[in-house]
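These values consider heavy atoms only, across backbone and side chains, with no hydrogens, waters or symmetry-generated copies.
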Amino acid sequence: MDSPLLELTDIAKRFGATIALNNVRFDLRSGEVHALMGENGAGKSTLMKILSGNIQRDAGMITIDGKPVDIRSPRDARAQGIAIIHQELNTVPAMTVAENLSLGQEPRNRFGMLDRTRVLRDAREKLARIHADIDPSRPLGSLGIGMQQMVEIARAVSEKARVLVLDEPTAALSRTEAQQLYAVVNRMRDEGVGLIYISHRMEEVWQLADRITVFRDGTYVGTGTRDELSETDVVRMMVGRSIGDLYRHEPRTPGDVVLDVKDLAAEGLGPVSFQLRAGEVVSMSGLIGSGRTEVARLIFGADRRKGGVVTVNGKPSHPVDPSQAIADGLAMVPEDRKGQGLFLDHSVERNVSISSLDQFVSGEVVQNRAVRQAVLQQMERLRLRKNAIDLPARALSGGNQQKVALARWLLRDSAVMILDEPTRGVDIGAKREIYELIDALARAGKAILVISSDLPEAIGIADRVLVVRGGRIVQELLADAATEENVMRHAVGASADYQTPNTGAQP
Amino acid sequence: MSINPEPVAEATAKPRSQFDFAWWWDRVGILMVLVLLVLLMSIFAPNFNRVDNLLNIARSISVNAILAAGLTFVILTGGIDLSVGSIVAVSGVVAVMAAIAGVPAPAAVLIGMAVGGACGLVNGLLTAYLALAPFIVTLGTMTFLRGLAYTITNGQPIVSSDLNFKDLGNGYLLGIPVPVIAMLAVFVVAWFVLERTRYGRHVYAVGGNVQAARLAGVQVNRIILSVYVIAGICAGLAGVIFAARVISAQPTAGTGYELDAIAAVVLGGTSLVGGRGRIVGTLIGAVILGVLTTGLILLNVQFFTQLLIKGVVIILAVAIDSLKQRPELLSTLFGRGHGPFKS
């Protein structure tokens with residue numbers, strides 16, 4: 001048989017005392033999608049950084065078409081036809097799609113000026129290559145995140161990529177956007193490109209990947225074809241043991257109504273009415289842009305309300321500012337962990353304690369020792385290492401950052417917790433821990449509202465599912481009776497009472 | 001129950017095996033620069049080491065240091081205040097006029113500080129509640145207040161040889177110049193507020209991530225408003241001290257002082273983006289600038305050359321400060337290590 005397109009053998013890398021990669025291997029053939037899976041810290045990103053020339057390996061061999069190559073810089077990687085799409089987009093929103101596509105290699109006319117017609121023409125060609133239907137003259141920022149990612153892919157592919165690495169490409173995409181991405185991935189595979197696909201989502205890996213390789217703690221665990229492996233196998237390979245049913249929880253018995261939302265409305269949103277009981281987990285499901293996050297922000301006082309009545313434990317709650325909502329017993333973990341949730345440069349201690357300082361002041365003076373004690377207690381509860389307390393939040397993995405965000409509200413002991421995408425970008429071990437925590441909180445009498453784009457999760461962890469479309473709750477389902485299909489049917493409006501999102505938004 | 005008994009590995013603190021430049025620079029870097037500077041000066045500048053010269057230096061930096069202390073609050077929230085130099089003039093003018101009108105010395109001083117606070121209130125209201133860019137707002141008030149100082153005084157200095165609060169600028173207490181005592185008092189209070197109070201933590205939070213601060217329950221607008229008021233009060237005090245020192249109200253007082261104050265803050269390691277920095281660094285930054293100025297004078301360096309040297313020092317300090325970000329940048333790239341850590 002031919003030598004594979006790309007082969008990485010016995011790659012090792014250490015950072016100081018930490019062994020990041022311990023003689024791992026990975027190979028990729030033309031025209032296949034090879035998924036690389038593992039928890040955060042398993043070494044996937046390190047390997048990809050070696051492949052992209054951002055860091056250098058300590059040992060091991062990289063061959064392309066059977067010939068050893070040395071990748072010393074991102075430029076070398078590009079020259080070898082290796083392109084990487086990172087989680088964070090690398091484009092300029094203020095510029096047009098076409099300008100982004102020609103960034104750094106702008107065509108000049110004979111007067112040395114930018115050749116605008118060629119910029120547009122080149123852009124069309126590049127977009128056509130990945131079959132993306134995007135108007136190249138639009139400002140990039142006016143496109144949805146999924147389309148922006150397509151532009152990024154078009155840019156990478158235009159550099160005659162033979163190896164394309166996609167690092168959690170669907171983490172921020174809606175379901176439709178993800179479907180479009182899958183189509184592009186499949187087309188590129190058919191054209192003979194080798195794709196390395198990094199993802200935490202089992203579902204899409206099974207849909208896309210021809211082969212799956214699993215890393216754990218910087219070591220190679222195994223590789224198999226999609227047919228050889230089951231989801232359970234992969235999970236076991238990733239965590240080193242069987243994880244059981246990810247969402248399993250004992251039946252819960254909801255108590256009194258804690259949060260009562262009546263006719264809550266804002267510009268283009270609502271009216272929304274629902275109730276949340278003590279000891280109950282309710283998830284809010286819907287497409288991106290359906291208004292789920294907006295409803296949460298409205299309850300939390302982050303945006304201005306136009307009408308409606310909200311009560312918490314029978315007392316009216318009409319916050320004009322989140323600080324008032326917090327005083328009323330509400331808590332919210334925002335979807336954008338890094339942008340809105342955490343103070344990345346500040347210590348874990350500061351991140352956790354910020355919303356509960358009123359409990360630790362005499363006068364205005366903060367009782368530092370008491371704060372530390374209390375923060376450590378919550379960290380222990382969330383199985384965060386004690387010595388992380390003085391680390392900046394930036395230094396933690398996605399899963400641990402999310403735990404820090406949760407710890408803030410555990411410390412506050414809020415009655416109602418709104419968790420917006422609590423497991424996004426979180427590895428499977430931490431996911432399971434977060435589910436357990438949610439269950440434990442509910443059992444302790446908290447009322448919990450979870451917003452999730454991950455349908456199995458939204459159904460699996462909840463007692464009820466509220467389906468949101470066009471800024472309104474269009475359906476309420478008991479979790480036991482909910483299936484992915486019927487939630488999705490209501491979310492896209494494909495039921496008998498079909499309404500487009502726009503008309504649905506009219507009060 | 002326990003699924004992941006070994007918490008994710010990277011949360012463990014990396015042993016500081018190699019020399020961690022950023023870590024050391026954060027803690028003692030700028031202090032080392034000061035020590036080095038003082039050593040050089042004591043070797044080469046005649047009389048530098050004499051107690052009266054050192055006290056002179058301390059007195060000469062007090063106005064700039066007090067301005068910089070107030071500005072540290074503003075810059076920690078990610079803002080900027082260009083108007084503090086003009087506030088020095090306006091508050092000095094008002095305090096001197098009040099004193100001439102017969103107001104007792106302590107009241108005249110308080111009036112000067114209150115005028116500064118009022119100017120800061122305007123900056124704060126415009127920045128926090130109208131969400132205008134602080135650079136532009138304070139550029140406007142800087143110009144306006146300078147104009148106000150000229151208008152009140154008709155462009156002429158008001159000299160009052162028996163100014164009742166002149167001891168604030170020229171007096172000594174237990175052998176220490178009064179302005180130095182005022183400066184130290186300001187820094188002790190500022191340190192306590194920033195490091196020990198809830199308010200201080202909120203200031204850092206707003207600068208660290210304004211959206212996260214709001215969603216965490218910090219009343220962001222109030223914090224932003226307050227830091228400009230604090231900067232204004234500090235500038236008011238600095239203005240009164242300056243007027244006392246020159247025993248007159250000068251409409252040109254404090255021209256360009258805002259830039260020296262910003263230089264002191266930045267030299268002290270506070271990030272202009274906000275959320276990172278220490279008040280102690282600001283004091284050291286102000287001292288470095290003062291030592292440099294006095295030392296160069298003692299060395300008979302021409303004024304023009306002094307400016308060249310000061311400019312280079314400021315750029316150098318900021319360059320080192322940004323260099324220290326490199327290891328952090330690298331380690332975030334690797335996704336494992338951790339960078340320098342402040343507050």
Side-chain angles (χ1 to χ4, degrees), chain A residues 15-18 20 39-41 45-46 49 54-55 217 239 243 300 302 321-323 325-327 332 334 336 339-347 350 353-355 357-358 360-361 363-366 368 383-385 387-388 390-392 394-397 399-400 408 427 429-430 432-433 436, chain B residues 1-18 20 192-193 195-202 204-222 271 273-277 325 328 330-343:
Chain A
F15 298 113
T18 323
E39 298 192 349
N40 290 341
S45 303
T46 308
K49 277 169 191 153
N54 284 318
I55 57 176
D217 299 333
V239 301
I243 202 161
F300 196 58
D321 194 72
S323 64
I326 293 165
M332 184 175 82
D336 180 1
Q340 302 185 340
L342 295 177
F343 307 94
L344 290 175
D345 288 330
H346 295 178
S347 66
R350 291 227 165 183
S353 63
I354 183 76
S355 300
L357 291 174
D358 52 344
F360 300 101
V361 287
E364 268 287 311
V365 181
V366 177
N368 283 331
R383 288 186 222 127
L384 279 162
R385 281 209 173 166
N387 55 9
D390 290 321
L391 291 183
R394 187 185 296 285
L396 305 182
S397 69
N400 285 344
R408 181 183 296 163
D427 63 71
R432 178 68 197 145
E433 289 184 69
E436 283 173 359
Chain B
M1 177 72 187
S2 161
I3 297 304
N4 193 2
E6 276 303 304
V8 185
E10 89 332 326
T12 48
K14 170 181 75 177
R16 198 165 277 106
S17 50
Q18 303 138 316
D20 192 337
F192 185 80
V193 169
E195 300 283 326
R196 289 282 177 265
T197 68
R198 164 169 54 177
Y199 173 79
R201 284 181 176 232
H202 283 183
Y204 277 98
V206 168
N209 183 342
V210 67
Q211 289 199 63
R214 181 160 180 264
L215 291 179
V218 175
Q219 291 178 308
V220 171
N221 283 343
R222 278 198 207 175
S271 157
V273 185
R276 298 164 68 111
Q325 307 285 345
E328 181 191 45
L330 286 175
S331 56
T332 33
L333 216 66
F334 301 158
R336 288 198 166 246
H338 63 89
F341 170 60
K342 280 187 172 183
S343 69

Problem set entry | Nearest heavy-atom neighbours spanning Ser355(A) and Ala216(B) | OG-O, 2.6 Å
For this session: Spell out, as yes or no, whether a donor-acceptor pair under 3.5 Å connects the side chain of Arg214(B) to the backbone of Ala302(A).
Result: yes
Problem set entry | Among Arg196(B), Gln211(B), Arg201(B), residue most engaged with chain A (heavy-atom pairs, under 4.5 Å) | Arg201(B)
Exercise. Is it the side chain or the backbone of Asp358(A) that comes within 4.5 Å of chain B heavy atoms, both, or neither?
Worked result: both
Problem set entry | From OH (Tyr204(B)) to CZ (Arg350(A)), nearest 0.5 Å | 6.5 Å
For this session: Supply the atom-to-atom distance Ser323(A) OG to His202(B) NE2, rounded to the nearest 0.5 angstrom.
Result: 9.5 Å
Exercise. Counting heavy-atom pairs under 4.5 Å to chain A, which of Gly208(B), Ala205(B), Gly207(B) comes out on top?
Worked result: Ala205(B)
Problem set entry | Gap between atom CG of Leu342(A) and atom CG of Leu215(B) - 0.5 Å precision | 11.5 Å
Exercise. Under 3.5 Å, is there a donor-acceptor pair between the side chain of Asn209(B) and the main chain of Gly339(A)?
Worked result: yes
For this session: Name the member of Asp321(A), Leu344(A), Ile354(A) that forms the most heavy-atom pairs with chain B at distances under 4.5 Å.
Result: Ile354(A)
Problem set entry | Interchain contact, Val365(A) with chain B, by part (heavy-atom threshold 4.5 Å) | both
